[in-house]
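Written below as structure tokens is the structure these notes are about.
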There are 2 protein chains.
Amino acid sequence: MDSRTKILNAASELFLEGGGAGLSVRAISKRAGMSTIGIYSHFQGKQGILDALYIEGFNMVRDAMDVVAEGKASKAQVLESCMGYLKVGEQNEAHYRLIFGETDAGYEPSEEAISARTSAFSKLVRVAGSYLPDTSTSIEHRQIALDLWAIVHGYVSISHHASLTHDPSVDWKAMALRVVEIHLDAVMN
Amino acid sequence: MDSRTKILNAASELFLEGGGAGLSVRAISKRAGMSTIGIYSHFQGKQGILDALYIEGFNMVRDAMDVVAEGKASKAQVLESCMGYLKVGEQNEAHYRLIFGETDAGYEPSEEAISARTSAFSKLVRVAGSYLPDTSTSIEHRQIALDLWAIVHGYVSISHHASLTHDPSVDWKAMALRVVEIHLDAVMN
DNA sequence: TCTAAGATATAACAGTGTTATATGGCAAAC
DNA sequence: GTTTGCCATATAACACTGTTATATCTTAGA
């Protein structure tokens, strides 16, 4: 196996096991069975490792929202996309925290990483925008996407931080989806 | 001046100047003109410093939403409370990032800090709940507050992370307030 | 076979939070 | 007034972090 992928696999394993806490350069190297130097020759140090995981995270988000074929989307399909987003935030907490800056205060995503974020948002613009009337403008498409993003991200983030949503009997994903549906209904009238 | 407040002032200064980045135990001590040990005798280490700033942050949020007297709130007053929240998120980015875990991945708020968060949320429950009909239940009060919190927090957080909102001509606070108003109108009908 | 270049390893550096040990000063007890 | 004990402060060390200068080893090409 290639050294680069050996390092990346080790980093992914550690990240899934313990989030950003145990993700040190030395721990990754040890898990990969080699010295720390590979992280600086094959990646750009820890920044490069975090970039790879950041891109992984936003690609998860994009793919989870990718439930609509070409053409116009139904309301159920928009809700399905949002539910995909919510599930990623719930089931991949480590990745989600990383892409919103909670893993390493010093980390700044590279250009390539930012384009992965842009790609995920574009997916939401297409899905939500295709639900709007054909007469709607691209500005309106971006606006509705930003609204939905704020709603679902707000709920995911709060679910990670507020104890009131840690109770498993509290279905915060349904709550978020309800707000999304209310918003969709309101802007269509 | 008391040693404890000397340390706290130094920490606040450094935090406002450079966020969590330059907020090291040694930097705080140096600014306060004493050794590092005071942070461990007067506080519980860096955790205690972050707790103090965390509480400061959530108190800012609570006070910013405290624009409604006793009795029922008008829609304008609810919107005013939300605008207060949004402004805190915009103008006190360091504090806001701290209370949502972006400053130090290892930091976990203490019980006292969590009660400051609860206090802020309770304020929103009272404000938003008092806008609902008198027949509404306390569960509905908490629900509408959670909805509004997700919307405004979602927008604040996105404004901190997505470049599309960094353009000063993009009035993301107005966008957030629009979503809040749409939601309020919808749940009242 | 020799050489040059690339990959890998080791060790050090500067920084972090934390703590064991040592010192200082000051108030209470005799 | 001297001594004792306690509390605040200081110093230095420990274990960790990301990073890099130096050294070694491997391997492909001449």
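A, B, ... follow the sequence lines: proteins, then strands. Residue 1 opens every chain.
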Give the rounded distance in Å between these two atoms: [atom1] of [X] and [atom2] of [N].
X: A:I49; N: D:dG18; atom1: CD1; atom2: P; answer: 11 Å
X: B:R4; N: D:dC7; atom1: CZ; atom2: C1'; answer: 17 Å
X: B:K46; N: D:dC16; atom1: NZ; atom2: C1'; answer: 14 Å
X: B:F43; N: D:dA8; atom1: CZ; atom2: C1'; answer: 15 Å
X: A:Q47; N: D:dT17; atom1: CD; atom2: C1'; answer: 16 Å
X: A:Y40; N: D:dG18; atom1: OH; atom2: C1'; answer: 4 Å

- Query: Is the backbone of B:V127 close enough, under 3.5 Å, to the side chain of B:S130 for a donor and an acceptor to pair up by distance?
  - Reply: yes
- Does A:R117 use its side chain to pair, donor to acceptor, with the backbone of B:H161 at less than 3.5 Å? yes
- Could you check B:G45 against A:S3 and say which one's nearest nucleotide on DNA chain C is further toward the 5' end? A:S3
- Task: Kindly state which residues belonging to residues 18-34 of chain B come within less than 4.0 angstrom of DNA chain C, counting heavy atoms of the residue only, listed by number.
- Result: B:L23, B:S24, B:V25, B:R26
- Query: Atom CG in A:L53, atom CG in A:L23: separation rounded to 0.5 Å?
  - Reply: 6.5 Å
- Message: Nearest 0.5 angstrom please: A:I182 CD1 to A:L177 CG, how far?
- Response: 11.0 Å
- So do A:L146 and B:I158 actually touch side chain to side chain, heavy atoms under 4.5 Å? yes
- Report the relative orientation of the aromatic rings in A:Y96 and A:H160; use parallel for angles under 30°, tilted for 30 to 60°, perpendicular for over 60°. perpendicular
- Item | B:W149 and B:F58 aromatic ring geometry - parallel, tilted or perpendicular at 30°/60° bounds | perpendicular
- How about B:H95 and B:F15: are their ring centroids closer than 6.0 Å? yes
- Query: Contact boundaries of DNA chain C with chain A (under 4.0 Å, heavy atoms), 5' to 3'?
  - Reply: C:dT8 to C:dA12
